[in-house]
There are 2 protein chains.
Amino acid sequence: MTSEFEFSMNEYLPLRDVVFDTLRKAILKGELKPGERLMELSLANRLGVSRTPIREAIRKLELEGLVIMIPRKGAQVAKITEKDLNDVLEVRRGLEELAIKMACERITHEQLVQLKLASRTFEKSMVKNDITALAQADVDFHDIIYAATANNRLNQILNNLREQMFRYRIEYLKDEKTRTQLVSEHDAICKALEAHDYKKAHDAVCLHIDNQQHAIMLSIQTEQ
Amino acid sequence: MTSEFEFSMNEYLPLRDVVFDTLRKAILKGELKPGERLMELSLANRLGVSRTPIREAIRKLELEGLVIMIPRKGAQVAKITEKDLNDVLEVRRGLEELAIKMACERITHEQLVQLKLASRTFEKSMVKNDITALAQADVDFHDIIYAATANNRLNQILNNLREQMFRYRIEYLKDEKTRTQLVSEHDAICKALEAHDYKKAHDAVCLHIDNQQHAIMLSIQTEQ
DNA sequence: TATAATTATATTGTATACAAAGTACAAAGG
DNA sequence: CCTTTGTACTTTGTATACAATATAATTATA
C-alpha cells in the first residue's frame with residue numbers, strides 16, 4: 001500500500017491552483033471589487049510568485065465569468081448588473097426545482113440524517129449571531145441536497161451559481177427577520193424530503209428561493 | 001465615427017484564444033479522442049506557437065471540463081462515461097423546460113420569423129443529406145429559442161451543455177428515421193411558441209429532448 | 001529470466017526575458 | 001488655454017530558460 005504517499009501527492013497543488021482559489025475567494029468575498037483591475041505583476045509580487053501562475057489562474061477566472069479580459073489592456077473583476085443577478089437567480093430557481101425533485105427520489109437515509117444535522121447547525125449559528133458560520137451552514141445544508149441528486153453536473157452548476165451570488169447572500173443574511181424565516185424553511189424542506197413528498201418539497205424550495213431572490217434584489221436596490 | 005477602425009481592433013485575438021478555439025473544436029469533433037494526452041510541446045510545434053498560449057488554453061479547457069489535468073503528469077481529453085452523459089442530459093432537460101417557458105413569454109415577432117426560417121433550413125439540409133449542415137441548422141434552431149429567453153446565463157449554460165454532447169449528437173443525426181422525426185418536432189415547437197401556448201410548447205420540447213436522449217444513449221450503448 | 005536499481009529522457013511547473021501595445025505626462029504648437 | 005505630439009514608463013503577450021518530477025530505457029542483480 002502506498003497510501004502514505006498518496007496523501008502527500010494529493011497534497012501537492014500547482015501554484016496556479018493556489019492562486020486561482022485565492023483570487024476567486026477574494027472576488028467572491030468582495031475583497032477585490034467589481035471593476036478593479038488585476039495587474040499581473042502586482043498580484044505576482046503580492047502573492048510571491050511569478051506572472052505565469054497568475055496568468056493561468058486569470059484564464060480560469062475568465063472562463064468562469066468572474067473576470068473580464070480586454071486584450072492588451074488586462075483583466076478586471078467582472079461587474080454584476082442587476083440584470084445579471086436576476087438571470088442567475090432565474091436559472092438557479094429552475095435548477096433548484098430540478099434538484100429537489102431528484103433529491104426527493106434519490107436521497108438516502110444517511111443523507112437525511114446529515115440534512116437534519118445541518119439544519120440544526122444552522123439554527124445554532126443563528127442563535128450565536130455568527131454570520132460567517134451561518135453562511136457556511138446554509139451552504140452545507142444545500143450541498144447535502146445537491147449531493148442527494150446523485151448528478152455531478154447538476155452539483156457543479158448549482159455550486160457555481162451559488163458562488164456567483166456570494167457577495168449578495170451575506171447581505172441578506174444580516175437581516176434578523178430573514179434568518180428566523182430561513183430556519184423554518186429548512187425544516188419544511190427536511191420534512192418533505194424525509195416523506196419523499198415531491199409536491200411539498202417542491203413548494204418549500206420554491207418559497208425558499210423566492211424569499212431569497214426577493215431579499216437579495218431588495219438589498220441590491222437599496223444599496224445603490 | 002471611427003467604425004472603420006473598430007473592426008480591425010476587434011480583429012485582434014490573442015494566440016491563447018485561437019489555440020483555445022482550435023483545441024476545443026478538435027475535442028468536440030472527436031479529432032482529439034477521449035483519453036488522448038495533450039502534450040504542450042508537441043501541440044506548440046503543431047500549431048506553431050510557444051508553450052505559453054497552449055498552457056493558457058488548456059487552463060480554460062480544464063475549467064470547462066473538456067480536459068482533465070493531473071498535476072505534473074499533464075492534460076488529457078476528458079473521458080465521458082455513460083453516467084456523465086446521462087447527468088448532462090438530465091440537467092439539459094430541466095433547463096430546456098425552463099427555457100421554453102421563458103421563451104414562450106418573451107419571444108418577439110422577429111425571433112419567431114427567424115425560428116421558422118431556421119426550421120425550414122433544417123428541412124432543406126435533411127433533403128440534401130448534408131449531416132454537417134444539419135447539425136448546424138439544429139444548433140441554430142435551438143439558439144434562437146435560447147436567445148428568446150433573454151437570459152444570458154441560461155444561454156451560456158445551455159450552449160455549454162449542448163457542446164458537451166456534440167460528439168454524440170452527430171451520431172444520432174445519421175439515422176434517417178430520427179431526422180424526419182426531428183423536423184416534425186421542430187414544427188410543433190414553432191407552432192406552440194407562435195401561439196404562446198406554454199403547455200403545448202413544454203410538451204413538444206420534452207418529447208424532443210426525450211427522443212434525443214433516447215437516441216443518444218442507444219448510440220452510446222451499441223458503440224461499446 | 002525476472003526484478004530491482006540506476007541512469008537517461010521527456011514533460012511539466014515556474015521564472016524570466018524580450019517584444020508589442022497601451023498609458024500618462026510634459027513640451028510644443030496653435 | 002486647449003490640443004497635439006513625442007517620450008518615458010507600464011503592462012500585457014509570447015517565447016525561452018531552468019528546475020522538478022515523471023516516464024522510459026538500461027544495467028545490474030538475484
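Chain identifiers are assigned alphabetically (A, B, ...) following the order of the sequence lines, protein sequences preceding nucleic acid strands; residue numbering begins at 1 within each chain.
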| task | Output every pair passing ring-ring contact (aromatic ring centres under 6.0 Å, His included) with a member in residues 72-126 of chain B, not counting sequence neighbours, ordered by first then second residue. | result | B:F122-B:H186
| remark: With sugar-phosphate taken as primed atoms, P, OP1 and OP2 and all else as base, the protein-contact string of nucleotides 10-20 of chain C at under 4.0 Å (heavy atoms; B, S, -) is -SBBBBBB---
| query | What residues form a side-chain hydrogen bond (donor to acceptor under 3.5 Å, both in side chains) with A:S119, not counting sequence neighbours? | reply | A:D187
Return the set of residues passing salt bridge (charged side-chain N to carboxylate O under 4.0 Å, His left out) with [X] (not counting sequence neighbours), or none when no residue passes.
{"X": "A:R179", "answer": "A:E176"}
{"X": "B:E40", "answer": "B:R51, B:R55"}
{"X": "A:E62", "answer": "A:R59, B:K60"}

